[in-house]
Amino acid sequence: MSDGSRPVRRCGVLGDPVAHSLSPVLHRAGYAGQGLDWTYDAHRVPAGGLEAFLDGLGEEWRGLSLTMPLKREALTLVDRLTDRARLAGGVNTVVLDDGARVGDNTDLPGAAAAIRERTSRPLSSAAIIGGGATAASVGLALVDLGVTRIELLVRDAVRAADTVAVLRSHPAGVDVRSAALDGPGDLAADLVVSTVPAAAQTAELVAQCEAVPVVFEALYDPWPTPLSAAALASGRVLVGGLDLLVHQAALQFELFTGVAAPLAVMRDAGERALAARNPA
């Protein structure tokens, strides 16, 4: 609890759009669970606005979660990058420590933890739908888990070039290829990851993924998406966006507070919030 000698510590999530974010729900639940008198709010910050926001922060600020479109913008605005943020080419976490800004990326270990929570099966090949920052982070996590071949399914190979380069830079080495999102044929992979909006998940795309035994849906709202609904109906292993969000948020919580994250408390809060948004 605050003793009155210092301001209550503040954290928040930045992005555009950001009103839908469950991060405030998760982090606030964590604070309550650990008895911390901290605050965490959502702040709409459009592309190009991160530098001004950072420059306006007071000493009470401790940490920031970053979402679209700020993850790559933050790379040049922090004082130091962790190895995993540099590898991913994106920052989803900024730790504010005695005036210094440290850019980190908890999507990598968060994605790996989310996958291993749901399945222990060996993974050597993956297909990733989409080519943005989330695709890069999850792809790197997959390489950490043993994946040696990744196929990126994208609408525009030029726009996905940065993600291809990021994945190929992994020290373990990985065969990365890009293909058209609307290409013919069923996917042959151990796992498929979707990082595209639910509206982009056409019946044809869902059908292409039917033979893939593990489905990782990076979205959590709306839920279920067409791809996740098909995975649930067929009894395949499903890693959901909430799994990723909870695990990466728990890592952020610990970086911000220095206290162990109450993972079960945070997950329960997220599940209840999602259920309220999407009543059966």
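Quantities reported herein were computed from a predicted structural model and do not represent experimental measurements. Numbers for residues simply follow the sequence, beginning at 1.
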Nearest 0.5 Å, please: how far is CD in E60 from CZ in R9? 8.5 Å
Residues in side-chain contact (heavy atoms from CB on, under 4.5 Å) contact with R116, at least two apart in sequence or another chain: T119, L123, L145
Separation of L205 CG from D182 CG (nearest 0.5 Å): 9.5 Å
Residue pairs fulfilling side-chain hydrogen bond (donor to acceptor under 3.5 Å, both in side chains) with at least one residue in residues 222-241, sequence neighbours excluded: Q201-T225, E217-T225, T225-S228, S234-R236
Transitively linked via ILVMFWY side-chain contacts under 4.5 Å: L263 with L36? yes
Would you check if D190 and P122 make a side-chain contact, meaning some heavy-atom pair closer than 4.5 Å? no
A188 versus S125, closest heavy-atom pair with distance: O-OG, 4.4 Å
Heavy atoms, side chains only, cut-off 4.5 Å: are F216 and L244 in contact? yes
Are V174 and V193 linked, directly or through other ILVMFWY residues, by side chains that come within less than 4.5 angstrom of each other? yes
Which pair of non-hydrogen atoms, one from V143 and one from A172, has the smallest distance, and what is that distance? CG1-CB, 3.9 Å
Going from NE2 on H170 to CG on L108, what distance comes out if it is rounded to the nearest 0.5 angstrom? 7.5 Å
For the atom pair CD1 (I150) and CZ (R168), what is the distance rounded to the nearest 0.5 Å? 11.0 Å
Taking the side chain as every heavy atom from C-beta outward, state whether V215 and L191 have any atom pair closer than 4.5 Å. no
Below 3.5 Å, can you tabulate the donor-acceptor pairs from side chains in residues 158-165 to any protein atom, sequence neighbours excluded?
| residue | atom | partner | partner atom | Å |
| --- | --- | --- | --- | --- |
| T163 | OG1 | R72 | NH2 | 3.4 |
| T163 | OG1 | G131 | O | 2.5 |
| T163 | OG1 | G132 | O | 3.2 |

side-chain contact (heavy atoms from CB on, under 4.5 Å) for V102 and T82? Distances and angles first, verdict last. CA-CA 7 Å; V102 180; T82 63; 4.2 Å; yes
Out of the candidates V18, V13, D41, only one should pair with P24 under the side chain to side chain contact (heavy atoms under 4.5 Å, CB included) rule; please name it. V13
Please determine whether a side-chain nitrogen of the Lys or Arg among D175 and R149 lies less than 4.0 Å from a carboxylate oxygen of the Asp or Glu. no
Contacts of D55 that satisfy side-chain contact (heavy atoms from CB on, under 4.5 Å) - sequence neighbours left out: E51, R101
Is there side-chain contact between S178 and E151, with at least one heavy-atom pair below 4.5 Å? no
Can you hop from V214 to V196 via hydrophobic side chains spaced under 4.5 Å? no
So which atom in A127 and which in A189 form the shortest heavy-atom distance, rounded to 0.1 Å? N-CB, 3.9 Å
How many angstroms lie between CD1 in I129 and CG in L187, if you round to the nearest 0.5 Å? 6.5 Å
Minimum-distance pair of heavy atoms, taken over all atoms of C11 and R62: SG-CB, 4.1 Å
When rounded to the nearest 0.5 angstrom, what distance separates CG in L26 from CD in Q248? 8.5 Å
Hydrophobic cluster membership, with links at side-chain heavy-atom distances under 4.5 Å among I/L/V/M/F/W/Y: are V212 and V138 in one? no
Smallest separation among heavy atoms of L238 and A231, with atom names: CD1-CB, 4.2 Å
Main-chain N/O of V237 paired to R118 side chain as donor or acceptor, under 3.5 Å: no
Nearest heavy-atom approach of V166 to L87 is CG1-O, 3.2 Å
Carefully, step by step, assess F253 and Y31 under the rule ring-ring contact (aromatic ring centres under 6.0 Å, His included). CA-CA 9 Å; F253 181 97; Y31 299 156; 5.6 Å; yes
Can you check side-chain contact (heavy atoms from CB on, under 4.5 Å) on R277 and D221, steps first, answer last? CA-CA 9 Å; R277 291 184 186 181; D221 190 13; 2.7 Å; yes
Side-chain contact test, heavy atoms from C-beta onward, threshold under 4.5 Å: evaluate it for L274 versus L22 and give yes or no. yes
Cluster membership besides F53, Ile/Leu/Val/Met/Phe/Trp/Tyr side chains within less than 4.5 angstrom, sorted by chain and number, is L14, V45, L50, L54, L57, W61, L64, L66, L70, L75, L77, V78, L81, V91, V94, L96
Looking only at side-chain N and O atoms, does N92 offer a donor or acceptor that is under 3.5 Å from a partner on T106? yes
Which residues pass the side-chain contact (heavy atoms from CB on, under 4.5 Å) test with P109, sequence neighbours left out? R84, L251
Within a strict 4.5 Å, meaning less than it, do heavy atoms of the H27 and T39 side chains meet? no
Contact check, side chains of R267 and H247, non-hydrogen atoms, under 4.5 Å: yes
For S65 and T93: C-alpha separation, side-chain torsions, deciding distance, then whether side-chain contact (heavy atoms from CB on, under 4.5 Å) applies. CA-CA 5 Å; S65 310; T93 306; 5.9 Å; no
L242 vs E271, test: side-chain contact (heavy atoms from CB on, under 4.5 Å). Steps then yes/no. CA-CA 8 Å; L242 184 60; E271 289 176 345; 3.6 Å; yes
Consider only side-chain heavy atoms of I, L, V, M, F, W and Y, link residues closer than 4.5 Å, and tell whether L245 and L227 are in one cluster. no
Going by heavy atoms in the side chains, are K71 and D107 under 4.5 Å from each other? yes
If only atom types and distance count, is the side chain of N278 paired as donor or acceptor with the main-chain N or O of A275 below 3.5 Å? no
